[in-house]
Amino acid sequence: MRNIIIKNAKEIVTSTGFSKKAGEEMKNIGVIEDGSIIITDGIIEKVGKTKEILKDFDTEGYEVVDASGKSVLPGFVDSHTHFIFGGYREEEFNLRLQGATYMEIMKSGGGISGTVKATRDATKDELFELGKKRLDSMMEFGVTTVEGKSGYGLETDTEIKQLEVMVDLDKKHPVDIVRTYMGAHDIPVEYKGRTDEFIDYLIEDGLLKVKEKNLAEFCDIFTEENVFSIEQSRKLLSKARDMGFKLKMHADEIVQLGGAELAAELGVLSADHLLQASDKGLLAMRDSGVIATLLPGTAFSLKEDYARARYIIDNGGAVALATDYNPGSCYTNSIPLLIALGTIYMSMSIEEVITALTINGAAAVDREDTIGSIDVGKLGDIIILDAPSYKFLSYNIAVNLVKTVIKKGQIVFDKN
Ligand code: NIG
Ligand code: FE
């Protein structure tokens with residue numbers, strides 16, 4: 001049954017809207033007190049004050065959930081993850097705690113290449129089982145849509161394997177998956193010292209086959225010193241756009257390379273990380289309407305300074321927040337941690353954080369017309385907190401308050 005009524009909520013945080021919110025607008029989360037929601041056939045039919053919504057409404061054929069004393073929000077959208085991978089890198093993480101840097105590890109043959117080997121060796125079934133567990137965990141944190149990237153194959157067959165696993169998981173798991181091709185995640189040993197040739201290979205082989213099989217909606221690249229240059233990124237992304245991919249970038253994460261400027265020039269949908277992005281680059285992104293997807297879990301895990309959320313928002317830019325869940329730079333999918341980092345270390349208000357995790361996350365995966373807010377006509381993707389106010393999300397530090405998750409009008413998780 002996909003007909004459900006959530007009634008008597010202490011408050012409904014609607015995050016209302018059908019497009020990304022920038023600057024001042026990020027504060028507006030549209031709270032309805034004493035509210036109810038009617039979801040019919042998985043789609044939100046009504047939302048508003050309980051008295052008005054339920055008056056004269058025939059509830060037959062509806063499951064009714066009483067949300068008295070509880071806060072209700074749209075499902076979270078985790079718009080940047082690398083959740084399909086083989087193997088783990090706990091050694092490397094602990095070396096980093098002792099002082100080694102991410103780039104030193106990468107240069108000495110560790111880092112992403114370790115995960116590439118393990119992912120190439122893994123069977124589809126193994127990756128599927130791992131992916132399923134990880135999606136279950138995301139769902140418990142209230143995530144109802146996730147973006148997932150390939151990028152641990154680097155050669156096309158494994159990239160396709162990762163994307164096909166996501167296709168299967170999307171069919172079999174309640175959490176919706178948006179797929180991104182990220183063949184340009186690192187330079188594989190086979191192409192060491194031949195990055196330009198590798199870019200050509202990605203264009204002629206990777207992009208082509210992924211497109212032919214319709215396996216990804218987005219194309220992403222790790223634009224970084226000693227990985228892919230601005231020119232190489234421009235070449236790959238322009239080609240990808242010509243082929244019909246939407247664009248994302250890992251930009252200015254470790255070194256200020258001008259990734260934010262390139263993101264603005266190309267008008268990519270979102271540019272992510274941005275720890276080192278210049279003022280000029282961030283303002284150019286704002287002017288081109290590029291969403292800044294910030295990943296504080298990664299900065300935390302790498303012990304780097306946080307991206308400048310306040311500067312971006314105060315200057316009228318749009319920020320999304322995501323976990324960057326991956327086995328190297330950020331092995332956590334914790335939304336409560338993300339909220340704590342956003343509010344405490346990045347000085348975002350809890351309202352801005354909610355916008356960043358809902359409607360702006362949805363916009364960062366080009367789904368703002370169907371998810372990311374509790375508006376009539378959108379998917380019935382809803383979470384109910386075991387708390388009377390959304391303000392507990394920041395206040396009850398790093399604790400998961402999600403009690404119930406509803407996906408397309410069905411309860412898919414409920415903590416008693
Ligand atoms: O977003 N920066 C590049 N890619 C990932 C890290 C992937 C990994 O270390 O396995 C990131 O942080
Ligand atoms: Fe990433």
Side-chain angles (χ1 to χ4, degrees), residues 78-96 100-120 122 127 130 134 146-154 158-159 162 178-188 216 218-228 233 247-257 259-260 263 268-277 291-307 320-333 338 341 361 364-365:
D78 190 351
S79 60
H80 179 142
T81 83
H82 309 246
F83 81 97
I84 298 295
F85 57 85
Y88 292 95
R89 284 157 43 202
E90 70 283 3
E91 294 296 339
E92 165 190 327
F93 180 77
N94 286 292
L95 283 177
R96 274 202 283 111
T101 69
Y102 184 78
M103 275 303 169
E104 277 164 11
I105 289 170
M106 199 161 168
K107 272 189 212 152
S108 67
I112 292 176
S113 64
T115 303
V116 167
K117 186 174 180 324
T119 307
R120 287 182 181 179
L127 292 176
L130 288 166
R134 292 170 190 157
V146 66
E147 183 259 13
K149 303 174 197 297
S150 68
Y152 289 126
L154 307 179
T158 308
E159 293 288 313
Q162 282 189 281
V178 178
R179 297 182 306 273
T180 296
Y181 170 62
M182 197 176 176
H185 195 191
D186 194 5
I187 298 130
F218 285 89
C219 175
D220 196 346
I221 184 164
F222 189 16
T223 303
E224 188 60 58
E225 192 173 72
N226 296 322
V227 193
F228 299 103
S233 304
L247 307 181
K248 285 181 174 289
M249 282 179 72
H250 282 58
D252 297 327
E253 178 183 354
I254 295 158
V255 173
Q256 190 181 102
L257 210 66
V268 303
L269 189 65
S270 90
D272 303 14
H273 284 294
L274 303 167
L275 303 182
Q276 307 296 338
I291 298 169
T293 298
L294 308 182
L295 313 165
T298 311
F300 179 66
S301 165
L302 296 179
K303 299 208 243 181
E304 298 279 349
D305 289 337
Y306 293 88
L321 287 171
T323 62
D324 196 20
Y325 185 30
N326 74 71
S329 65
C330 187
Y331 182 49
T332 176
N333 61 315
L338 182 60
L341 297 175
V365 291

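Here, residue 1 is the first one in the sequence, and each next residue gets the next number. Whatever order the structure lists them in is the order used to number ligands and atoms, beginning at 1. Here the structure is a predicted model, which is why all the values come from computation and not from measurement.
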Original post:
Where is the tightest heavy-atom contact between Val116 and Gly153, given as atom of each residue plus distance?
Top reply: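 Where Val116 meets Gly153 most closely, the heavy atoms are CG1-O, 3.7 Å.
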Original post:
For Asp324 and Ser329, which heavy atoms make the closest approach, and how far apart are they?
Top reply: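 So the minimum-distance heavy-atom pair works out to OD2-OG, 3.7 Å.
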Return yes when at least one N/O/S atom of [X] is nearer than 2.8 Å to the Fe ion (ligand 2), and no when none is.
{"X": "Cys330", "value": "no"}
{"X": "Asp272", "value": "no"}
{"X": "His273", "value": "no"}

Original post:
NE2 of His185 to OG of Ser113: how many Å apart, nearest 0.5 Å?
Top reply: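 It is 11.5 Å, given to the nearest 0.5 Å.
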Original post:
Counting both backbone and side chain atoms, is some N or O of His273 under 3.5 Å from an N or O of ligand 1?
Top reply: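 So ligand 1 has an N or O lying under 3.5 Å from an N or O of His273.
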Original post:
Regarding Glu147 and Thr180, is there a side-chain donor-to-acceptor distance under 3.5 Å anywhere?
Top reply: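 Indeed, the side chains of Glu147 and Thr180 share at least one donor-acceptor pair under 3.5 Å.
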[X] to ligand 1, any heavy atom closer than 4.0 Å:
{"X": "Met106", "result": "no"}
{"X": "His80", "result": "yes"}
{"X": "Thr115", "result": "no"}
{"X": "Phe85", "result": "no"}

Subject >> Parallel, tilted or perpendicular, as decided by the 30° and 60° cut-offs, for the rings of His80 and His82 >> reply: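 Tilted, since the angle between the ring planes falls between 30° and 60°.
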Original post:
What is the name of the N/O/S atom in Asp324 that sits closest to the Fe ion (ligand 2)?
Top reply: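 Answer by atom name: OD1.
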Original post:
Which N, O or S atom name in His250 marks its closest approach to the Fe ion (ligand 2)?
Top reply: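 Answer by atom name: NE2.
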Among all protein heavy atoms, pick the one closest to [atom] and tell me residue, atom and distance.
{"atom": "atom 7 (C) of ligand 1", "result": "Tyr152 OH, 3.3 Å"}
{"atom": "atom 11 (C) of ligand 1", "result": "Asp324 OD2, 3.1 Å"}
{"atom": "atom 9 (O) of ligand 1", "result": "Tyr102 OH, 2.5 Å"}
{"atom": "atom 12 (O) of ligand 1", "result": "Ser329 OG, 2.6 Å"}
{"atom": "atom 2 (N) of ligand 1", "result": "Glu253 OE1, 2.8 Å"}
{"atom": "atom 4 (N) of ligand 1", "result": "His185 NE2, 2.8 Å"}

Subject >> Atom indices of ligand 1 within 4.0 angstrom of His82 heavy atoms, with elements >> reply: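 Close to His82: 1 (O), 4 (N), 5 (C), 11 (C).
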**OP:** Kindly check if the number of other-residue, nucleotide or ligand heavy atoms within 6.0 Å of CG (Asp305) is above 12?
**Re:**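 Atom CG in Asp305 is not packed in, count stays at 12 or less.
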**OP:** Please indicate whether Tyr306 has more than 12 foreign heavy atoms, meaning atoms of other residues, nucleotides or ligands, lying under 6.0 Å from its OH.
**Re:**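 Atom OH in Tyr306 is packed in, count exceeds 12.
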**OP:** Could you walk me through whether Tyr88 and Tyr331 pass ring pair (Phe, Tyr, Trp, His ring centres under 6.0 Å), step by step?
**Re:** CA-CA 9 Å; Tyr88 292 95; Tyr331 182 49; 5.5 Å; yes
Subject >> From CA spacing to verdict: side-chain hydrogen bond (donor to acceptor under 3.5 Å, both in side chains), Asp252, His273 >> reply: CA-CA 7 Å; Asp252 297 327; His273 284 294; over 6 Å; no
**OP:** Let me know which of Val146, Thr293, Leu269 forms a side-chain contact (heavy atoms from CB on, under 4.5 Å) with Ser79.
**Re:**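 Answer to the side-chain contact (heavy atoms from CB on, under 4.5 Å) test with Ser79 among Val146, Thr293, Leu269: Thr293.
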